[in-house]
S.K.: 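Have a look at the structure that comes next, please.
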Amino acid sequence: MADASFEQARKGFEKFLAGAQATAGTIEERGATVRAGAKDITAKAMTYAEKNVQASLDYAQSLLHAKDLGHVMRLHGEYVTSQMRSLAEQASEMGQIVGRAAMDAAKRKT
């Protein structure tokens, strides 16, 4: 009877270890997926930041060469319009990237 109890306890412990190892593997896979998604998001954010800073510098330089207030106002209008369009595109792309990363993380979960 003691041998049977010991054997049952050993099998239970082995099942516990197998479950813990499977869970650790799943967590590791999900972590890798999340890290990959975060890396994509970070890279895209850096690209956007560089583009936006460059656009601001170009705008500032064009203001230095403006001939009068009318020219300044036109340049400003063009800059604002361009930046709004660019920010809308960036927000859309970032939303797609985040959505893809979330879907990838969810796929690994199941």
Side-chain angles (χ1 to χ4, degrees):
M1 190 173 199
D3 286 338
S5 293
F6 179 77
E7 188 63 26
Q8 193 175 26
R10 188 172 61 78
K11 286 181 182 180
F13 183 68
E14 288 173 354
K15 285 182 182 179
F16 170 77
L17 283 179
Q21 289 172 342
T23 300
T26 300
I27 290 170
E28 188 174 309
E29 287 176 16
R30 194 171 309 144
T33 301
V34 169
R35 282 190 300 277
K39 185 177 179 182
D40 290 345
I41 291 166
T42 301
K44 193 54 109 169
M46 290 300 295
T47 299
Y48 294 155
E50 290 173 10
K51 181 180 177 183
N52 293 336
V53 168
Q54 187 60 51
S56 295
L57 292 172
D58 291 346
Y59 169 62
Q61 185 174 21
S62 68
L63 288 177
L64 293 174
H65 301 289
K67 295 178 176 37
D68 55 31
L69 184 58
H71 192 201
V72 168
M73 296 305 289
R74 184 177 54 79
L75 290 172
H76 181 71
E78 291 170 357
Y79 172 74
V80 169
T81 301
S82 172
Q83 282 304 102
M84 292 303 289
R85 184 176 25 254
S86 181
L87 291 173
E89 290 171 5
Q90 291 170 6
S92 175
E93 289 177 17
M94 189 62 81
Q96 291 173 6
I97 292 169
V98 169
R100 254 192 320 273
M103 294 287 283
D104 288 346
K107 284 179 190 174
R108 298 273 195 233
K109 185 178 182 181
T110 58

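Excluded from the calculations below are hydrogen atoms, water molecules and symmetry mates; all remaining heavy atoms, backbone and side chain alike, are included.
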S.K.: Taking salt bridge (Lys or Arg N to Asp or Glu O under 4.0 Å) as the test, write out the residues that go with K51, two or more places apart.
M.R.: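 Here no residue qualifies.
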
S.K.: Can you get from M103 to I97 by hopping between Ile, Leu, Val, Met, Phe, Trp and Tyr side chains that sit under 4.5 Å apart?
M.R.: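 No.
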
S.K.: Under the side-chain contact (heavy atoms from CB on, under 4.5 Å) rule, what do Q90 and N52 come out as? Steps first, then yes or no, please.
M.R.: CA-CA 10 Å; Q90 291 170 6; N52 293 336; 3.1 Å; yes

S.K.: Is S92 reaching over with its side chain to a backbone N or O of A88, donor-acceptor style, under 3.5 angstrom?
M.R.: no

S.K.: Are E78 and S82 linked by a side-chain donor-acceptor pair shorter than 3.5 Å?
M.R.: no

S.K.: Okay, side chain of S86, backbone of Q83: is any donor-acceptor separation there less than 3.5 Å?
M.R.: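 No; zero donor-acceptor contacts below 3.5 Å.
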
S.K.: Sequence neighbours left out, what passes side chain to side chain donor-acceptor pair (under 3.5 Å) with S56? Give chain and number order.
M.R.: Y79

S.K.: Which pair of non-hydrogen atoms, one from L75 and one from A66, has the smallest distance, and what is that distance?
M.R.: CD1-CB, 4.1 Å

S.K.: K44 and E93: which non-hydrogen atoms are nearest, and at how many Å?
M.R.: NZ-OE1, 3.7 Å

S.K.: Has M94 got more than 12 heavy atoms of other residues, nucleotides or ligands less than 6.0 Å from its CE?
M.R.: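 Yes, enclosed.
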
